[in-house]
Amino acid sequence: VQLQASGGGLVQAGGSLRLSCVASGGAFSRYFMGWFRQAPGKEREFVACISGLGRSTLKYAESVKGRFTISRDNAKNTVSLQMNSLKPEDTAVYYCAGDRSLIVGLATSPDAYDYWGQGTLVTVSS
């Protein structure tokens, strides 16, 4: 499956952005999807994930709980990340990722995902 992320940009602290990731070439509804981010000089970190059809898993990093919401539209092969109350520390390149046979207990690890989008830059100014 190929993943294409978009929606990043420059926003002031307290603002909102909505990231989207469109999948092609695979049975999207069966894929476990996640969002990760990587700030300059830091390792890639988990943000949120959502399970595929037939399962009901939704996880968020503690740092984004209550501010970010992950959702998916299987009819449009899209997973989205609504980001509200953005903070300067949310500045990073955001990546969407997918895997068809992911083990739920490993869903917060980037190593568990086989497919990655190209990343979209989110910059939050103070």
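- Proximity of V122 to L17: side-chain heavy atoms (C-beta onward) are separated by under 4.5 Å at one or more points.
- Atom OG of S71 sits about 6.5 Å away from atom CD1 of I50, to the nearest 0.5 Å.
- How far NZ of K87 is from CZ of R67: 4.5 Å, rounded to the nearest 0.5 Å.
- Residue M83 is not grouped with residue L10 when hydrophobic side chains (ILVMFWY) are merged at heavy-atom distances under 4.5 angstrom, including chains of intermediate members.
- Once rounded to the nearest 0.5 Å, the distance linking OH of Y94 with CH2 of W35 reads 10.0 Å.
- Looking at every heavy atom in both residues, A92 comes nearest to L121 through O-CD1, 3.6 Å.
- Cluster annotation: L19 is connected to Y115 through the hydrophobic network of ILVMFWY side chains, with a link wherever side-chain heavy atoms come within less than 4.5 Å.
- Counting only heavy atoms from C-beta outward, the side chains of K76 and S20 never approach each other to under 4.5 Å.
- A 4.5 Å side-chain heavy-atom check between D90 and F68 finds at least one atom pair inside the cut-off.
- Residue S29 holds its OG atom at 5.0 Å from CG of L53, rounded to the nearest 0.5 Å.
- Scanning both residues, S24 and V1, for their nearest heavy atoms gives O-CG2, 3.1 Å.
- Of the possible polar contacts, none joining the S109 side chain to the A107 backbone as a donor-acceptor pair under 3.5 Å is found.
- Smallest separation of non-hydrogen atoms from A23 and F28: CB-CD1, 3.3 Å.
- Side chain of K59 to main chain of V104: a donor-acceptor pair is present (N/O by atom type, distance under 3.5 Å, no hydrogens or angles).
- The backbone N or O of D99 sits nowhere less than 3.5 Å from a side-chain atom of R30 that would complete a donor-acceptor pair.
- With hydrophobic clusters built from ILVMFWY side chains whose heavy atoms lie under 4.5 angstrom apart, V47 shares a cluster with Y60.
- Grouping the Ile, Leu, Val, Met, Phe, Trp and Tyr side chains by contacts below 4.5 angstrom, directly or via other members, places V79 apart from F32.
- In this structure a side-chain-to-backbone donor-acceptor pair under 3.5 Å is present from Q118 to A5.
- Here the side chains of Q38 and Y95 are in contact, with some heavy-atom distance below 4.5 Å.
- To the nearest 0.5 angstrom, R100 atom CZ is 12.0 Å from D114 atom CG.
- Residue C21 comes nearest to L3 through the heavy atom pair SG-CB, 3.8 Å, listed as atom of the first residue, atom of the second, then distance.
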| query | Can you list the steps and then say if S16 with N84 is a side-chain hydrogen bond (donor to acceptor under 3.5 Å, both in side chains)? | reply | CA-CA 4 Å; S16 298; N84 299 328; 2.9 Å; yes

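- Using a 4.5 Å cut-off between side-chain heavy atoms of Ile, Leu, Val, Met, Phe, Trp and Tyr, with links allowed through other members, W116 and L106 fall into different hydrophobic clusters.
- No donor-acceptor pair under 3.5 Å is formed between the side chain of T120 and the backbone N or O of S6.
- In this structure, R44 places its CZ atom where more than 12 heavy-atom neighbours from other residues, nucleotides or ligands lie under 6.0 Å away.
- Atom CG in L102 sits 11.0 Å away from atom CE in M33 (nearest 0.5 Å).
- When all heavy atoms of G15 and V11 are compared, the pair lying nearest together is CA-CG2, 3.8 Å.
- R72 contributes a side-chain N or O that, together with a main-chain N or O of S51, makes up a donor-acceptor pair within less than 3.5 Å.
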| field | side chain to side chain contact (heavy atoms under 4.5 Å, CB included) between Q4 and T78, worked out | value | CA-CA 9 Å; Q4 180 76 31; T78 300; over 6 Å; no

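- Across all their heavy atoms, C49 and Y113 have their closest contact at CB-OH, 3.6 Å.
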